Undergrad: 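Can you read through this structure? Questions will come right after.
A quick note: this is a predicted structure, and the numbers were derived from the prediction, not measured.
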Amino acid sequence: METVGIWCGAILTLAIFSFLYKDNPVYKACEAIFIGVSAGYYAIVYFFDSIYKKFWLGAVTADQPEEWLFGGAILGVLFLTRLFPKISWVARWPLAFIVGATAGLYMVNYFVTNAMNQVASTITDVIARGDAGDINWIQSFGTLVILVGVITGLMYFFFSKEHKGAFGGGAKVGIWFLMVTFGASFGYTVMSRMSLLIGRMDFLLGDWLGLIN
Amino acid sequence: MRREVPILITSIAGLVFAVSYFIPHNPFGKAESIFGDWVSIVQAFAIWLGVLNLLKVTLEKIFRKSEGWPFSYLIIISLVGTILVGFYDGFTGIYAIPQTSYSDPGTHFDWVYKYFYSALTSTMFSMLAFFVGSASYRAFRARNVQATLLLISGFLVMGGRVPLLDRISALFTDSPIFSNLANWIMNYPNAAGQRAILIGIALGIMSSSLRVILGIERSHIGGGN
Amino acid sequence: MKNLFNMSRFKIVFTVCVLLSLYSFVNAQAPAVTTVGITPPAPVTELTAVDTDNDHGHSITVKWTPSADDGAGANNVLGYRVMRSNSFEGPFNDTVGVVPLGSTNFENSSSIEEGAEGFIPDNTDFYYRVDALTGDSLVFSSSEVTGPVHSYGQWFNKGLIPVFFAVIIFTALTVLFVSAARKGKELYVRPLAGIEAVDDAIGRATEMGRPILYVFGLGVASDIATIASFTILSRVAKRVAEYQTNLIVPCYDPIIMTVAQDIVKTAYMDAGRPNDYKEDAVFFITQAQFAYVGAVNGIMIRELPATNIYMGKFYAESLMLAETGVVSGSIQIAGTDEIAQIPFFVVACDYTLIGEELFAASAYLGREPLLLGSLKAQDYAKAAVLVLALLGILAVNFSGDLGLTWLVNFKDWFKVID
Amino acid sequence: MLNTIATVILLLMGLSLIYVLYLTIKGRPVERRIVFLYIGFGVMLPLLMKMTPPLPITSDVQRLYDHIITLPPGSKVLCAFDYDPPSAPELHPMAVAFVKYAFKHNLKLIIMGLWPQGPQQANMAIAAALEDPAVALFPHEQGVDWVNLGFQSGNEFVILSMGSEFKRMFPRDTRLIPYDSIALLKNVVNFSNIDFIMNFGAGYPGTKEWVQIGVDRFKAKLGAGNTAVQATEVYPYLSSGQIVGLLGGMSGAAEFEKVLGEKGKATTFLLAQMFGHATVMAFVIIGNVAFLVLGRKKKDAAGNN
């Protein structure tokens, strides 16, 4: 069974890679299977882990049923009205619920984690000292870099004042910092993409052809 | 009815989660838990909505014989096939003694996951490695000061984060200069830039969340002002 | 290497022994008896139990100073067992938790559902005792009993007072600016280079007699980036109509397509050229990522647009689109709030609107009150953050020299973590 | 044999890049399919070579290691598997190394997933860890040494509900055994009873969400393993102390294996990763040299701001 699986996987992998040469029906077929299998996979996991395990076992068959779970199920079923154009407006109710809940949760969470706590950790002693009280110059320089980077970066994203004079200079330093940041994320993205390919190559050469042990 | 009810639902749900952050006491603490459960269940139904919608759209495509309709058969076969395998494994597992899970190692569903789902998704995304390569040859240019700065920093990180540039510096010195430099870029200038972006995003999210809760932003319920 | 392996093997044997003995404790209720070999360790001291602060109740926090034999002294403590009772005299039959050595506290919390296992009713007195455990399940030493203590819920999370005020102020700012913008008040937004470039690019396209390609990316109509993109399209379409250039808008989402068609049509009417509007300028392609990219790339190579404008939500397709654009020699202007894609746009496009700049551009062009007002409120909040951060840095670094020691705690206002 | 062939071909490929540079400068750039071939072989051939480049340990990884070694035996660790197969080349080696460490040092693993694929990836990681001879010396039992709570929908709302009670979101584990009947979960009510959270995150929901709710709201200690794409955005949390350490991408995984004394997949992938980067860097250089030599004929108007 495992061998059959590995062969299936290998054939699918090569078939998708054929797109690199040219778009072709074999690739299109794989794309169709991809859509079908992913949708089916999600359907099963959400069915058993959420609808069955959480709702059905919790609210219907349990010894002490938790009735309020029905509220969620009712909202969920209302979502399915989307499939029927005449009553599809009802689906806005669960959608409104999700949007509202997300907005409520995000509002304070984002602010605390990504604004308050980030500002707090930017406000530090620039001069870092070692255990013996000696100044750690490298660390101090790093702290200064963070400080300048955060402040000028924020200046760049300030839209109520034209970028002129000292403020403009600050904003310019800010965009340089942002560019270094984007460079780092460029490098890391390339790193991730290469890893994806290495994973596939490892499957083809190792699991399938057995060239890597 | 069609407009007001959704806006009311949005505001109530939003307020419960925002307020319960500050007021842990019941009824807010309790309401937060109940609403949290609801979100979880509603999302599961939303996924099923997506799946059923896919089925509907694909069937329509077959009936209308629109472009590429033969591939639609493949979508339906693989979708229904995966679901049937999952239901078979799931329900036999529930009635087995001791109970097993649809996703346990060795089930048919796990086999589909390992050799079909994994192979397909991983390969689809791995093509991006090739596309990054060709774009780096044909498009990524140091066309101005900013792009130059970006490419230099990208280069140092790309070459420093793996022992690549260090192989060159190793000819002169033993200390991993480029690895340290890449690490420094990540921990200081990158952290600073990311933090500036994060603070901006946090305020942006807060603003849009506020508009949603206050009911002045209504695009999500399908209508302008 | 071999040595290392042996070391870890030793560790495993040791830890397994520790674990096995720990587990045997969980249900042990025998009194302290000294058996041969292990002497009972020093008990924990300074045991306190208080209601867990800033929560919804049903939780009590037990704290203690570790036994003198924990990691030092006789070094025979393997962990602690927290016991609970309803009365001072005991019996302490209820093991509410077992924690590894070195621990100094335990939060005894329960479900908020009455009847759930281990439920802790609020406002009910409890007493706690902590046992220092050793390798022998019969050898342990108990602390003094602490109590009575009861749990209760708090009406306000006191740690969040600064957050609360910040949220209130921000809400007020937003409401204020949105209503000001709705009343038509002039609110200044600085001009953005990317937007000024759009006008030039349209002029160039006219000179060259080549079309303009406008791409929304893979977003849906409710994404803020897409909404901002609609405003920019409206401006572009208007200019295009005035200059009588061709516009191509291939769409990924059918709903976006309908909205975009309306926008372009209106722009042509506003420009006084309703007859020049072509129905097929805005069209739907497909909802498969790579197939969409393939089709758009095909258009670029066939039509050789003078300018490609990418505004909205973009994912991995960003670099594939921009690459073809470079090869076909188009001027490219991009804008997205997907941070991960911005680097690729910066190196492959001539102008890039970074994150919030896209929203600012939209507010600048469209003057839509909601966007403009929110942007202004955020700007003021940013200014406040800047000022406070600078003040804080000054305070932390110089308050000692200036004798303003109270300012040192300034940064704690922001800090929400312990 | 394979080793030698691969080395020779790679050398030849390197040399042929000079010809590509020549062609590009002459204004006759090679087709993108040729570039694809370079990328493909550049990543494939090093996998056949047996060479482990020396790798310095960065502070991010060291900090995580320094923290996990302070966890005493018997500590309860919540392991959130928030990734899918495409991210597995980067995250799976980290997960396997971490699970091995946990099993060897008797840390108790409570596994869950905010991504539907997570629990299945966790099963694979556990199976891989149990094959290790040093781990197999002692029996490890599901329900006692580790428990897989499975997946639950709701993204960050799952973390939020877990803050008051784990059982609310995960009433049963993957085998449908009720929460209260699992030995490992006795007295585990919420985050306050957890000693450490390890998150393997590939995007949303992931490390950012765990920081927002798990750390900032419920005061948990969090360590993160991220895909490289995700890792850049997590650095601000590292310098603010909201996470204790970070494993970023394949190199992070390889360093983690090294610091734990394992020789896992990431270590063997590192050479291929190096050559992948080298290929991309070479093409960026070729493209830009040609760009400079050919002048800026087409785009004299270039220049942002």
Side-chain angles (χ1 to χ4, degrees), chain C residues 1 4-5 8-9 11-19 22-23 26 52 55-56 58-59 61 78-79 82 95-103 105-113 116-118 192-194 197 200-201 204 323 326-327 329 331 339-340 346-347 349-352 416-418, chain D residues 29 32 70-76 101 103-108 133-135 137-139 144-145 163-168 179-180 183 186-193 195 203 211 215-219 229-230 232-233 240-242 260-261 284 287-288 291 297-299 301-305:
Chain C
M1 208 50 212
L4 234 161
F5 179 66
S8 58
R9 202 155 121 175
K11 270 189 203 151
I12 298 157
V13 176
F14 176 74
T15 47
V16 166
C17 294
V18 168
L19 183 94
L22 261 180
Y23 263 83
V26 177
T52 310
D55 71 347
H56 54 52
H58 310 288
S59 172
T61 303
L78 291 184
V82 182
T95 307
V96 292
V98 178
V99 290
L101 71 162
S103 310
N105 65 71
F106 177 77
E107 216 176 291
N108 180 205
S109 35
S110 82
S111 168
I112 54 171
E113 299 306 321
E117 199 175 280
L192 294 148
D200 297 344
R204 263 175 63 97
E323 178 191 348
V326 169
V327 173
I331 294 256
I339 302 295
V346 172
V347 285
C349 295
D350 299 281
Y351 295 94
T352 309
V416 187
I417 356 168
D418 293 325
Chain D
R32 65 199 284 251
T70 62
L71 295 172
S75 299
K76 295 190 174 81
Y101 176 88
F103 281 170
K104 284 181 192 169
H105 295 80
N106 226 322
L107 306 181
K108 304 292 166 187
V135 173
L137 277 180
F138 294 96
V144 177
D145 297 287
S164 69
E165 217 183 325
F166 283 8
K167 200 171 80 178
R168 274 192 92 80
Y179 191 95
D180 291 329
K186 196 164 169 60
N187 298 321
V188 176
V189 177
N190 55 32
F191 291 119
S192 61
N193 310 117
D195 299 292
V211 170
V215 175
D216 281 359
R217 201 157 167 180
F218 297 115
K219 321 291 180 211
V229 174
Q230 196 62 22
T232 44
E233 296 176 30
S240 64
Q242 284 159 299
L260 292 180
V284 173
N288 277 285
F291 175 66
K297 283 176 201 159
K298 288 178 195 166
K299 308 213 167 156
N304 208 346
N305 289 353

Undergrad: Measure distances from Arg217(D) to the heavy atoms of chain C and classify the residue's part below 4.5 Å as side chain, backbone, both or neither.
TA: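 It is neither, since no heavy atom gets under 4.5 Å.
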Undergrad: Answer with yes or no whether the side chains of Ser240(D) and Gln242(D) bring together a donor and an acceptor at under 3.5 Å.
TA: yes
Undergrad: Can you name the residues that form a side-chain contact (heavy atoms from CB on, under 4.5 Å) with Asp180(D), not counting sequence neighbours?
TA: Glu117(C), Lys167(D)
Undergrad: Heavy atoms only: give me the nearest Ser59(C)-Thr52(C) pair and the separation to one decimal.
TA: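 Reported closest heavy-atom pair: OG-OG1, 2.7 Å.
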Undergrad: Just give me the residue among Gly97(C), Ala340(C), Cys349(C), Ser111(C) that pairs up with chain D most often, heavy atom to heavy atom, under 4.5 Å.
TA: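 Looking at each option in turn, the highest pair count goes to Ser111(C).
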Undergrad: At a 4.5 Å cut-off on heavy atoms, which part of His56(C) comes close to chain D: side chain, backbone, both, or neither?
TA: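 Only the side chain of His56(C) comes within 4.5 Å of chain D.
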Undergrad: Checking Ser110(C) against chain D: side chain, backbone, both or neither under 4.5 Å from a heavy atom?
TA: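 The answer is the backbone of Ser110(C).
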Undergrad: If only side-chain N and O atoms count, and only distance matters, is there a donor-acceptor pair under 3.5 Å linking Lys104(D) with Asn106(D)?
TA: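 Result is no, nothing qualifies.
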Undergrad: Picking from Val188(D), Asn193(D), Leu71(D), which has the most non-hydrogen pairs under 4.5 angstrom with chain C?
TA: Asn193(D)
Undergrad: Suppose we screen for side-chain contact (heavy atoms from CB on, under 4.5 Å). Which residues come up paired with Leu101(C), at least two apart in sequence or across chains?
TA: Asp70(C), Pro72(D)
